[in-house]
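Encoded as structure tokens, the structure appears first; notes follow it.
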Amino acid sequence: MLEFKNYLKEKIHKLLKEKYPLNLSELEISYTPQQKMGDLALTFPVQLAKNMKKEPRKLALEIIPLLSSLEGVEKIEAAGPGYINLFLEREKFFSGQLHSIGQTSLSPEEEKIIIEHTNINPNKAAHIGHLRNACLGDTLGRCLKYKGENVEIQNYIDDTGVQVADVVFGFMELEKKSLSQIKEIKEKFDYYCWDLYVRVSSYLENNPQAETRKSEILKKIEEGKNPEHETAHHISRRIIKAHLQTMGRIGVNYDLLPCESSILHLKFWEKAFSLLKEKKAISFVKEGENKGCWVMYLEDESEKEKIIVRSDGTVTYVGKDIAYQLWKFGLLEEDFYYEPFFKEDGKIVWISTTTPEKESPSFGKGSQVYNVIDTRQAYLQKIVVQGLKSLKFLAQAKKSTHFSYEMVALSPKSLKELNLRVSEEDKEKDFLEVSGRKGLGVKADDLLDRLEEKALAEVEKRNPELSENLKKETAHKIASGALRYFMLKFALNSIIVFDFEEALSFEGETGPYLQYTFVRINSIFRKLKEREGFEEKDIQTLLSSERIPLEKLSESEPANFWDLVLYASQFEEEVLHSIRSMEFSHLAKYSFTLCQKFNAYYHLYSILAEENKDMKRIRILTIYYIREVLKRALSLMGIPQPELM
RNA sequence: ACGCCUGUAGCUCAGGGGAUAGAGCGACGGACUCCGGAUCCGUAGGUCGCAGGUUCGAAUCCUGUCAGGCGUGCCA
């Protein structure tokens, strides 16, 4: 449809530009609210009439005869306040759609796009908040790749930060464990650290004098070559592996893990610092409360300046982030070294190091960068972009996108279910922020376990004859699909107040509903093969042989057929729309509606039992078309496609 | 105090100038001897927070206002 609309726009513009003041960009083509009004609606006459001081409806009627040469259009009508509605030639359109399956009319616009997502502190297990981030980032990546873009996924690891230091403190000071003792811990390590981190946080709150030791640990971790550093390194690497495994469960993976430790040791910041000073992007404060600091002034003068380098000479988090952002664009004249870290499905995830390695791919040097971080980081992201602007990297500043979304919070009901204790003050609230520090959160693996357990029970109920392995594999796919759809279906601005019952649902607007639809279609094809020996390759014969006699359809079928096909044809428009608006709930909603339309159709018209050959052929082609579109939609959302369920 | 976001059906949310405001859940009532009931069909349920304004047209844009959330660290 995207391609067809582009053709229409250009053609209409060409036909009308002599007579009317009309811009190609203003020529929006939308859909009619009802099939009987036609398929596509041109709304421009209303606006045009205003500019020309004419009556809209008259203008529409005046224009219609000029459009008679549009290909693929059967009928044109004036409608409503002055719209021009187009009726498409159905057979031609449907046939065209079938023949172009597998081709895309989207095309890349960038040299290379870098997406940074997940970014979990490597000191505890991943939780539901991290899952939202990963699902969004991963889906963005999948959609951009579908569009043809060259995409690199980075997962930034803050392996030298205070959060890791906290857990090092816990092991060394609270548990008095040596590194070898830590290595011997057999329990799920990210869970172990989750609890320890909570203990440390409350200990530090009650024992402020311990901060001295913590600062010392932090410093030693940065310095390297000491027990604190070794411990931190062990913890972070082991937890990163746990995170990669967790994310692997829902089909999320990465190309590169850039580490803060590498940024420190390779002196990325020093390079960025001299650049910032050289271009006068930051200034040294001699007077006042920020005396001795290097600060950046914001474009928006109402906002106060942001400290980049503290009066003791240490750099803040944003400072390091500016250096990292510069590197992503290839603007730093410095690079990491890389080594393989983890293998997944034969694909290597690389990690940054400080020592040269024999062979490694090239990373960074993006022409566009997306940072997937929740909305609470909006201020800091703004400063990172300001940094680029101040350095006169205006093009890169424009191509730096904060992919912002609201947080995941916990409902009071979920808290109760988790047996988490909450302060009196927090009890009053409608929802509670997830907090690793307080241990308030649903661990990602726990949620996935529960989803898999429930899915397995459902599979067991329906397909008891399957092998154990197949049951488990199917349950895993359903669990993953349920979670991914759940994380995608909310608009970015919407806070997800997490509720178990809702998240564990497999009915209604859920991932499994979409998967079920897909399974049903495949089931028809499986039966066609079993009963009639009809195979996939026969679809191609059906397609190429003769025309599709839509006139053989009767009663309500033409309308239902056309409604379904026309909607399915909008897939690529939806993908593009989702990318442009960075709102993947559009894609989720679209896929759901497509399934609803299919399921309604499915209940009305049978395929296997249909005796009329022409009708059967049309229906087979229809469900084939829907399956192909649905397949692509699911894969863009990272929702697995089970054989059965 | 300032900045950003949110307020739509009992609940969770779509729709973000255009034709009759939609889903899911929950409630109630139904569905094929037939391709999978994780499905489908129907009924009830709405002053789109409130008040102004712009427009041929406003849930949508603007202003004000009320309510809630999140930011505004020499934390990360």
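Both backbone and side-chain heavy atoms feed into the values below; hydrogens, waters and symmetry mates do not. Just so it is clear: chains get the letters A, B, ... in the order the sequence lines come, proteins before strands, and each one is counted from 1.
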Take the protein atom [atom1] of [X] and the nucleotide atom [atom2] of [N], then report the distance between them rounded to whole Å.
| X | N | atom1 | atom2 | value |
| --- | --- | --- | --- | --- |
| A:H130 | B:A76 | NE2 | C1' | 12 Å |
| A:H402 | B:C4 | NE2 | C1' | 12 Å |
| A:K429 | B:C70 | NZ | C1' | 11 Å |
| A:L504 | B:G24 | CG | C1' | 16 Å |
| A:Y602 | B:C41 | OH | C1' | 16 Å |
| A:K461 | B:G37 | NZ | P | 14 Å |
| A:I383 | B:C75 | CD1 | P | 14 Å |
| A:I307 | B:U72 | CD1 | P | 13 Å |

What's the gap between [N] and [M] when it is taken at their [atom1] atoms, as a whole Å value?
| N | M | atom1 | answer |
| --- | --- | --- | --- |
| B:A19 | B:C2 | P | 37 Å |
| B:U43 | B:G36 | C1' | 27 Å |
| B:G57 | B:G3 | C1' | 33 Å |
| B:A51 | B:C66 | P | 15 Å |
| B:G22 | B:U33 | C1' | 37 Å |
| B:C13 | B:C70 | P | 15 Å |
| B:A9 | B:A59 | P | 15 Å |
| B:G49 | B:G68 | C1' | 11 Å |

Polar side-chain atom of A:E28 near backbone of A:F44 as donor-acceptor pair, under 3.5 Å: no
When all nucleic acid strands are considered with a 4.0 Å heavy-atom cut-off, which category describes [X]: base, sugar-phosphate, or nothing?
| X | answer |
| --- | --- |
| A:Y513 | sugar-phosphate |
| A:K291 | base |
| A:S523 | base |
| A:I623 | nothing |
| A:Y83 | base |
| A:V46 | base |
| A:L528 | nothing |
| A:V318 | nothing |
| A:N85 | base |

Residue met sooner reading RNA chain B from 5', once A:N290 and A:A378 are mapped to nucleotides: A:A378
Given RNA chain B, 5'-ward residue of the pair A:K306 and A:M407, judged by closest heavy atom: A:M407
Counting side-chain heavy atoms from CB outward, which of [options] is closest to [X]?
| X | options | result |
| --- | --- | --- |
| A:R310 | B:U39, B:C74, B:G71 | B:C74 |
| A:V459 | B:C35, B:A38, B:C40 | B:A38 |
| A:A600 | B:C56, B:C41, B:G37 | B:C41 |
| A:E433 | B:G71, B:G24, B:G36 | B:G71 |
| A:Q377 | B:A19, B:A76, B:G36 | B:A76 |
| A:C293 | B:U39, B:C74, B:G71 | B:C74 |
| A:S606 | B:C35, B:G36, B:A76 | B:C35 |
| A:Q596 | B:C40, B:G18, B:A19 | B:C40 |
| A:R520 | B:C35, B:A76, B:U39 | B:U39 |

Return yes when atom [atom1] of [X] has more than 12 non-hydrogen atoms of other residues, nucleotides or ligands closer than 6.0 Å, and no otherwise.
| X | atom1 | result |
| --- | --- | --- |
| A:E555 | CD | no |
| A:E460 | CD | yes |
| A:E530 | CD | yes |
| A:K616 | NZ | yes |

Mind listing the side-chain donor-acceptor pairs of residues 430-438 of chain A below 3.5 Å, one per line with the distance, residues two or more places apart or on another chain?
unit_1	atom_1	unit_2	atom_2	d
A:E433	OE2	A:R376	NH1	2.4
A:S435	OG	A:R437	N	3.4
A:S435	OG	A:K438	N	3.0
A:R437	NH2	A:Y197	OH	3.3

Contacts of A:S411 that satisfy side-chain hydrogen bond (donor to acceptor under 3.5 Å, both in side chains) - sequence neighbours left out: A:S414
[N] pairs with which nucleotide, Watson-Crick or G-U wobble, both distances below 3.5 Å?
| N | value |
| --- | --- |
| B:C2 | B:G71 |
| B:G22 | B:C13 |
| B:A44 | none |
| B:G7 | B:C66 |

Ring-face cation contact, A:Y567 with A:K597, 6.0 Å cut, 45° max: yes
State whether [X] places a side-chain N or O below 4.0 Å from either non-bridging phosphate oxygen (OP1 or OP2) of [N].
| X | N | value |
| --- | --- | --- |
| A:R462 | B:A38 | yes |
| A:Y317 | B:A76 | no |
| A:Y31 | B:G18 | no |
| A:K304 | B:G73 | yes |
| A:T375 | B:C70 | no |

Protein-to-nucleotide contact annotation, 5' to 3' order, nucleotides 7-15 of chain B [B base; S sugar-phosphate only; - none; under 4.0 Å, heavy atom]: -----SSSS
Aromatic ring pairing A:Y485/A:F592, orientation class (parallel under 30°, perpendicular over 60°, tilted between): tilted
Among A:E260, A:E116, A:K320, the one residue meeting side chain to side chain donor-acceptor pair (under 3.5 Å) with A:Y156: A:E260
A:N599/A:R520 under side chain to side chain contact (heavy atoms under 4.5 Å, CB included): CA gap, chis, key distance, verdict: CA-CA 9 Å; A:N599 281 321; A:R520 267 180 152 177; 2.9 Å; yes
Between A:Q163 and A:K124, a side-chain donor and acceptor under 3.5 Å: yes
